[in-house]
Structure formats: C-alpha cells, structure tokens
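Quantities reported herein were computed from a predicted structural model and do not represent experimental measurements.
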Amino acid sequence: MPKITASEALSRLRILDLSRVRAGPTCVKQFADFGADVIKIESPPGVDANEGMGGPRDGPDMQNLHRNKRAMTLNLKLPEAREVFYRLVKTADVVVENYRPDVKYRLGVDYASLEKVNPRIILASISGFGQDGPYQQRPGFDQIAQGMSGLMSVTGAPGQGPMRTGAAIADMAAGLFAALGVMTALLEREASGKGQWVQSSLLQSGIALMDFQAARYLMKGEVPPQVGNDHPTSMPTSAYTTADGHINVAASGEGMWVRLCEAVGRKDLLETPQFKGGENRAKNRAALNAALNKALKEKTSAQWVDILNKAGVPCGPIYTVDQTFADPQVQHLQAATEVDHPRLGRFRVLSQAVRLSRTAAKVVAPTPEVGQHTDEILQELKYSESDIRQMREKGIV
C-alpha cells in the first residue's frame, strides 16, 4: 500500500514519475492527489546537467506541482540503476516522462523496453512536438507551442502584435490530456489486460485549445484575427469600463441582449439598425462597445455586477490574483488548500479542480526532498541494507 494516501480513489495504482518542469508534473499531480502511490525519480545531485529545471525546490512552482509524492534518486545512465528501475516497473501501473523523444531510448525507458518487463505497463510520453515527425528533436517550451498553435495570433489587441496568454496553458493542457489518456488506457486495460503507449505534445494540445477558433478555419477557411477582450463572434461579450474599474459582460443571444439594454438604461440600442442581430453586433463591435462603456461608467463595478446578474446577464469582476483568492465563492470552493512542510512551515497551494463526492482529492504531504524515500522504496523492492549501501557507494542512487 502507498505510504501517502491522499484519497482512496486511486490508491491501488503506482505511478513512476520521471518528469520535470510543468507538463509532466501536471499529469502526475492528478494521480497523486487522488491517492496513487507516486514515486518521483530524480538523478542523484550533480549527475543531471538539467538539474534545477522547474525552479528551486522550495519555490512555489515545485511545492505546488509535486505534493503527495515519495521521492528517490536513481542514476538511469548506469546499467545497474536501470535494473533497479525495471524492478520498480514490475510493481507499477504507469510511467510518465517528458524527455526529448530520443532520450528515453538511450535510458532504456521506452515503451518496447518497459513492455518486456511488464506487459501491463502504461507509458505516458509528453513532448514539445510529438514523438516523431520533422520537429521531434526540437526542444519544447510553452511559449513556443502557444505561438505555433495559433493561440498567440488570436490573443491580444488588434494591431499590437501577438500576445502570449498569462499562464502556461500549453504545458498545462499537455499534462491534462496525458492524464486523460492514461485514465483511458487504464480503463481499456481492464478488458485487454495489456498496457499501451500514451502520447501528448505541447503543440497539439495548444491546437486543441484553439477549439472553435480552429474549427472556423477548418470548416469555413476563416482565419480568426485578434479582437482583444471581445468575443470573436458573439457580441456584446467583452471587458467594459465602469466608474471605478472594469467588468466582464457576456450577453450572447437575443434574450440576453434585450435584458442588458434594459438593465443599463439603453433600450434605444435595441432599435439601432447596426446592432440588430448577432452578426451586426459583431461587425459593429467598436460602436457597440463605445455605447456600452458610456452607459456602464455611470456606476461602480460592484453595482453593475449586482444589477446585471439579477437581470440574468452573465457579468463578473476582473480580479488580480489576490482578489481572486479573497472572493467568497472561491473560498467556498476551497480552491486553495494548506500543507505543512517540515522546513518551510505551513503555506497554501492549489487544490484539485475536480471534486468527487466520496473519494475526494486531498493534499496531505508536501513536495519531498531529493531522494527522501530512496531507502524506503528500495527496501520495499527487497534490497538489503548492504545492497543499498553498495548502490550509494557506486553512485547508482
């Protein structure tokens, strides 16, 4: 049984985590928070040239992404270490890695090698551009994928050049799609008894996030432009200026358009020819926004949020991050949770975004120190104290 039990939901699973930075850890976090026995495998200090990718271990990023895991060191460049790893693979359900595609073959952690050890193993590989093809050897990074997927071309104000989104959404999406693929493979394994290779990439995940924007091009040949805070096709949906700041309003459809005009005291806009029908409102968005901004400047953001929501028009404040976590609904949802760290004390990290009624996710353990559980895990694999001592002397762990 796992030593860290965040939930009973996935407590029967063991995940071997070879990933780093964000996309891979995002995938693994889904399993760790729901109780899987996740073993984070890292090189011994000084072995990996890329050591430290992902930021300092005591920093917010590492502490948020790697909670609920055990940690061991293993120098996979050594054949002896690979034998230890294969013994772990025999006990595991899933291996997650986000090396460059060629690295896994050099280290012997490719699917063909793992399948020979454990035919039920599922390998999740996350890369920048895919496991094959002309770009397979290119190093991947979130912002590169945002640019190549088209996301930056539809983000930002018209005429001001491409703009990245304010969060690492290609990384996050690649990790979440990989987790979905792993769960699908686990379900399929119940019928077939066999594992398989799950693959996701930052590039294709970014393209998937384009969703209806990509569909506009694929079906109709439309290349969507930047429209700033406006919705690309459904107006009035945008950020508007109030007496003391800004709010978002999303009045799509004729019914909401009527209610919005009535709520802001501009019923005359309903009779304005250039605003009749959704296509006209989208086409004449500049004039429409100017009229609404003029009306909305008459009251504060808080007043309009109250008025418009009561009128059945979707509306909300535009927060800074501190305001987000001070919001009563965010606090009710428990979007942040506390964790105790033996050195860093008590602090908050993000909670799981999905809620289960019986077997809820929890954060019960902080990010482990490098190699914190190495001896414990090796002993579970039936290595003796003498074996472990020799491994340390040879730099295997």
Side-chain angles (χ1 to χ4, degrees), residues 1-11 15-46 48 50-74 96 142 166-168 171-172 175-176 179 319-356 359-380 397:
M1 291 295 291
K3 304 301 183 201
I4 298 170
T5 306
S7 168
E8 294 298 324
L10 300 179
S11 61
I15 316 291
L16 306 183
D17 180 13
L18 298 172
S19 69
R20 62 184 77 192
V21 191
R22 184 175 322 284
T26 295
C27 169
V28 176
K29 185 173 74 169
Q30 311 312 307
F31 297 91
D33 286 359
F34 282 104
D37 180 23
V38 175
I39 299 175
K40 179 173 172 56
I41 300 172
E42 302 168 273
S43 297
D48 189 351
N50 294 315
E51 187 177 325
M53 287 182 67
R57 203 170 194 89
D58 290 352
D61 219 9
M62 286 285 288
Q63 292 299 318
N64 183 61
L65 284 170
H66 295 283
R67 72 281 187 102
N68 290 337
K69 300 178 181 180
R70 296 194 286 168
M72 71 178 294
T73 55
L74 204 55
V96 179
D142 175 83
D171 270 343
M172 293 287 294
L176 293 172
Y319 285 150
T320 55
V321 176
D322 56 328
Q323 293 171 327
T324 296
F325 287 100
D327 183 275
Q329 183 64 28
V330 174
Q331 293 182 352
H332 173 78
L333 292 172
Q334 298 178 326
T337 188
E338 292 187 325
V339 63
D340 287 309
H341 192 285
R343 289 188 297 100
L344 304 177
R346 192 169 182 84
F347 54 85
R348 293 189 298 169
V349 294
L350 286 172
S351 303
Q352 259 296 329
V354 62
R355 181 176 296 184
L356 273 64
T359 55
K362 297 177 184 177
V363 178
V364 297
T367 294
E369 305 290 0
V370 176
Q372 179 178 332
H373 305 95
T374 299
D375 288 5
E376 174 184 300
I377 294 166
L378 291 174
Q379 288 166 3
E380 291 173 10
V397 298

Report the distance from atom [atom1] of [X] to atom [atom2] of [Y], rounding to the nearest 0.5 Å.
X: D58; Y: L344; atom1: CG; atom2: CG; value: 4.5 Å
X: L74; Y: I377; atom1: CG; atom2: CD1; value: 10.0 Å
X: M72; Y: D375; atom1: CE; atom2: CG; value: 9.0 Å
X: R57; Y: Q63; atom1: CZ; atom2: CD; value: 8.0 Å
X: L18; Y: K40; atom1: CG; atom2: NZ; value: 9.5 Å
X: Q352; Y: Q334; atom1: CD; atom2: CD; value: 13.5 Å

With side chains defined as the heavy atoms from C-beta onward, is the minimum distance between [X] and [Y] less than 4.5 Å?
X: N68; Y: V38; value: no
X: K29; Y: N64; value: yes
X: I15; Y: V96; value: yes
X: D37; Y: R70; value: yes
X: P56; Y: M62; value: no
X: D33; Y: R67; value: yes

query = In terms of heavy-atom contacts, does CD of Q323 have more than 12 from other residues, nucleotides or ligands at under 6.0 Å?
reply =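 More than 12 within 6.0 Å, yes.
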
message = Counting only heavy atoms from other residues, nucleotides and ligands, does the tally under 6.0 Å from CZ of R355 exceed 12?
response =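 For R355, atom CZ is not crowded (no more than 12 foreign heavy atoms under 6.0 Å).
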
request  = Could you walk me through whether L176 and Q30 pass side chain to side chain contact (heavy atoms under 4.5 Å, CB included), step by step?
outcome  = CA-CA 8 Å; L176 293 172; Q30 311 312 307; 3.6 Å; yes

[X] side chain to [Y] main-chain N or O, any donor-acceptor pair under 3.5 Å?
X: Q331; Y: F325; result: yes
X: T26; Y: M172; result: no
X: T5; Y: G35; result: no
X: T374; Y: T73; result: yes
X: H373; Y: A71; result: yes
X: D17; Y: I39; result: no

task = Might you work through the side chain to side chain contact (heavy atoms under 4.5 Å, CB included) test for K69 and V28, ending with a clear yes or no?
result = CA-CA 9 Å; K69 300 178 181 180; V28 176; 3.6 Å; yes

Please name the pair of heavy atoms, one in [X] and one in [Y], separated by the smallest distance, quoted to 0.1 Å.
X: V21; Y: L65; value: O-CD1, 3.4 Å
X: C27; Y: A179; value: SG-N, 3.7 Å
X: A6; Y: A32; value: CB-O, 3.5 Å

CA sep, side-chain torsions, deciding dist, call: L356, F34, side chain to side chain contact (heavy atoms under 4.5 Å, CB included) = CA-CA 10 Å; L356 273 64; F34 282 104; 3.7 Å; yes

inquiry  = Between D142 and R22 (salt bridge meaning N to carboxylate O under 4.0 Å), is one present in this structure?
reply    =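 Judged by the 4.0 Å cut-off on N to carboxylate O distance, D142 and R22 do not form a salt bridge.
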
key: Test salt bridge (charged side-chain N to carboxylate O under 4.0 Å, His left out) applied to D327 - qualifying residues, sequence neighbours left out   =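 With neighbours one apart ignored, the set is empty.
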
